[in-house]
Every structure is written in C-alpha cells, then in structure tokens.
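Both counts, for ligands and for their atoms, begin at 1 and track the order of listing.
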Amino acid sequence: MADRFQGKQGLVLGVANKRSIAWAIAKRLAEEGAQLAFTFQGERIEKSVRELADSVQSPLVTECDVRSDEDVSRVVAEAGKAFAGGLDFLVHSVAYAAAEDLEGRFTDTPRDRFWMAIDVSAYSLVACARAAEPLMAARGGGSLVTMTYLGGERAVPHYNVMGVAKATLDASVRYLAWDLGQNNIRINAVSAGPVRTLAARSIAGFPTMEAIVEERSPLHRHIDAEDVAAGAAYLLSDEADNVTGTTLYVDSGYHAMGM
Ligand code: 0WE
C-alpha cells in the first residue's frame, strides 16, 4: 500500500456502518497513513461508528447534525484541536431525503422536505467548507471530496428530490472550488454508480438498477465501495494537486452511454 497520507490529518463525515462509502474511503486513507476524525448522526449508529473509528486509532469521534452551522463549526474546531491546529482534508459523504420522496412522483415532493433534502445533502458541504477553510489554510492548503450521483444531471426514475439536491451539490463544488482555490484548497466530487450501502438497501428497485449498470456500462460490472474509495483517495492526495472543481466518475463508464 502506498503512503500518500503519511502525516496527513482529516475529518470524515457520513460513516454509518462498515458498508458506508465514507468508511471505505476512511479505511483506504488510514491504510495509507492518514489520521482520521469521524462524525456520526444519531445515537442509533454511534456504537458502530465508534468501533470502526477505534479500529483505525481515531483520536476523535463526535456527533454532528449538518443542518446546524454551530454544530459543523464545533466539530471542525474539535478536529483542529485533536490534530493540533490543522486539517489537511475533509470527506463529505452525507445525504438524506425522506424515504417517501424517493419513490412515486417528484411532483408530489412537499416544500419543506424539498428544502430539507437540499439542506442536509448540499448546503452541508458549504458549511463544512467554510468551517474547514481556516484550518486547511493554516497547513498551506487542503482537499475536500464529496459524493455525487448521475441523478443530479439526468432524470433517474425515483431519485427525484435527491437529484435536485445533487445538482445543487455539483454546482456548489464548482463555486467552492473558485473561492477555496485562493488558499490552495481543492474540492471535487466522486460520482459513484449504485453501491450496496445501508442507504441503498432500503430503496425499492435497487437490484434492478445494479443489473442495468452491469448490462449497459462499458465495463459491464458493478461498483463497490472500495472502487469509489480509490477515486476519492486520488482526489484527496497530492497526486491530484492541480485537480479542482471536477467530478470523477466511478461507475464502470455508465455515464458515457446514451443507451
Ligand atoms: O444518493 C443516493 C441515496 C441517498 C439516500 C438514500 C436514502 C434511503 C433511506 C438519501 N436519503 C435516503 N433516505 C432514506 O430514508 N444514491 C445515489 C443511491 C440511490 O438512491 C436512489 C437511487 C440510487 C442510485 C433512490 C431512487 C433511485 C435510485
């Protein structure tokens, strides 16, 4: 294993369990020498996140409600303290829409749940970037990565309000890239094909989507969290020194197809 992250310190948001994309990314970064702080959302998953974090000798596990600017600021400050003043990278792997809005018709999405999905899934990246910027600037630069999906660019049946949230997230990456560039901070997205996570398992028709990707993508194979982690690790590493404001597709090439 390479040691691209030796001496680097980062914060990971979005681990729920061992199948989480955020966990696959964290494991990869830890294997390559990174020191990691973690956040979790809700008591129900605290134990699993603490166990995973312990397995990579994490100095900090703390709750974070990404809908609260105060919470995001506190968490980033705690990470800064745990790491003696600086942050090299941040992994944002957070999304939420009400389950009932990921089925049926987009037309039926109520106003409050439309904004909730965008708040949790897109604005949270802006809040993280704002809070992390001074700590990364103090290290001479940094890198952020977020997770997106093709459903933000094309209409994927049932993805609905999450598609609108991902479109918001994708545009936010580009505008944040411009702002953060002045402090040598990069920000990019990984667009993953369907991966079997806790979030995916509750989605009706997920196996059908996997089958479609396997049939129609140039590489005819499904994507796993480790594939996504390799892409994220590249974007976070110094190897991607001149890469910002972009999207790396880890989807077996599915996005390139028109049929
Ligand atoms: O971004 C996602 C899913 C994110 C997600 C999943 C859930 C399930 C449980 C957000 N909110 C919730 N809320 C819940 O209550 N993906 C890219 C995976 C995904 O989700 C879909 C997909 C794909 C692909 C939903 C409908 C159609 C396709």
Side-chain angles (χ1 to χ4, degrees), residues 12-17 19-25 39-45 48 64-67 91-110 112-125 145-173 188-217 221-229 231-232 247-257:
V12 180
L13 296 90
V15 177
N17 62 28
R19 286 203 184 76
S20 297
I21 290 173
W23 175 243
I25 297 170
T39 72
F40 64 91
Q41 160 79 91
E43 279 172 37
R44 271 184 321 128
I45 62 159
S48 63
C64 186
D65 178 353
V66 295
R67 288 169 301 185
V91 175
H92 175 276
S93 185
V94 177
Y96 185 74
E100 60 215 288
D101 295 331
L102 295 175
E103 51 188 42
R105 306 186 75 219
F106 175 59
T107 327
D108 293 330
T109 312
D112 59 335
R113 295 207 304 260
F114 179 101
W115 291 115
M116 186 272 292
I118 291 177
D119 190 16
V120 173
S121 312
Y123 187 80
S124 59
L125 181 68
V145 75
T146 187
M147 299 303 309
T148 190
Y149 177 59
L150 190 64
E153 307 169 63
R154 322 271 177 76
V156 173
H158 307 303
Y159 198 60
N160 296 359
V161 70
M162 268 309 305
V164 176
K166 291 303 191 189
T168 305
L169 181 77
D170 295 349
S172 299
V173 166
N188 295 286
V190 174
S191 182
V195 178
R196 254 181 226 207
T197 62
L198 179 67
R201 259 186 304 169
S202 57
I203 292 152
F206 199 80
T208 315
M209 299 200 16
E210 285 181 311
I212 289 172
V213 170
E214 285 194 46
E215 182 185 317
R216 303 195 191 170
S217 66
R221 49 185 185 240
H222 73 270
I223 296 93
D224 61 33
E226 285 67 35
D227 302 324
V228 177
T247 301
L248 177 61
Y249 293 85
V250 180
D251 68 345
S252 294
Y254 182 80
H255 71 283
M257 302 304 297

Q: State the atoms of ligand 1, each with its element, that fall below the 4.0 Å cut-off from a heavy-atom position in Ala99.
A: 15 (O)
Q: Counting non-hydrogen protein atoms only, what is the nearest one to atom 4 (C) of ligand 1? Give residue, atom name and distance.
A: Ala95 CB, 4.3 Å
Q: Heavy-atom count check: over 12 atoms from other residues, nucleotides or ligands less than 6.0 Å from Arg67 CZ?
A: no
Q: Using non-hydrogen atoms of the residue, decide whether Ala117 is closer than 4.0 angstrom to ligand 1.
A: no
Q: So which of Tyr159, Tyr96, Tyr149 gets nearest to atom 25 (C) of ligand 1, if we judge by its closest heavy atom?
A: Tyr159
Q: Gly152 and Ala167: which non-hydrogen atoms are nearest, and at how many Å?
A: O-CB, 3.4 Å
Q: Which protein non-hydrogen atom lies closest to atom 7 (C) of ligand 1, naming both residue and atom, and how far is it?
A: Leu102 CD1, 3.6 Å
Q: Would a distance-only check, ignoring hydrogens and angles, find a side-chain to backbone donor-acceptor pair under 3.5 Å from Arg154 to His255?
A: yes
Q: Could you check whether any side-chain N or O of Ser121 sits under 3.5 Å from a backbone N or O of Lys166, counting only pairs where one atom can act as donor and the other as acceptor?
A: no
Q: Starting from atom 20 (O) of ligand 1, locate the nearest protein heavy atom and write down its residue, its atom name and how far away it is, to 0.1 Å.
A: Ile203 CD1, 2.9 Å
Q: Is a side-chain N or O of Ser93 found less than 3.5 angstrom from the main chain of Met147, in a donor-acceptor match?
A: no
Q: Relative to the heavy atoms of Pro157, which atoms of ligand 1 are at a distance of less than 4.0 Å?
A: 27 (C)
Q: Does ligand 1 have an atom under 4.0 Å from some heavy atom of Ala97?
A: yes
Q: Within a reach of under 6.0 Å around CZ of Arg201, are more than 12 heavy atoms found that belong to other residues, nucleotides or ligands?
A: yes
Q: Can you classify the ring geometry of Tyr149 versus Tyr159 as parallel (below 30°), tilted (30 to 60°) or perpendicular (above 60°)?
A: perpendicular
Q: Would you mind finding which of His158, Met209, Arg201, Arg196 brings a heavy atom closest to atom 28 (C) of ligand 1?
A: Met209
Q: I'd like to check which ligand 1 atoms, numbered from 1 as shown, lie under 4.0 Å from a non-hydrogen atom of Ser202.
A: 8 (C), 9 (C)
Q: Between Asn160 (side chain only) and Gly104 (backbone N and O only), is there a donor and an acceptor less than 3.5 Å apart?
A: yes
Q: Could you find the nearest protein heavy atom to atom 8 (C) of ligand 1 and give me its residue, atom name and distance?
A: Ala199 O, 3.1 Å
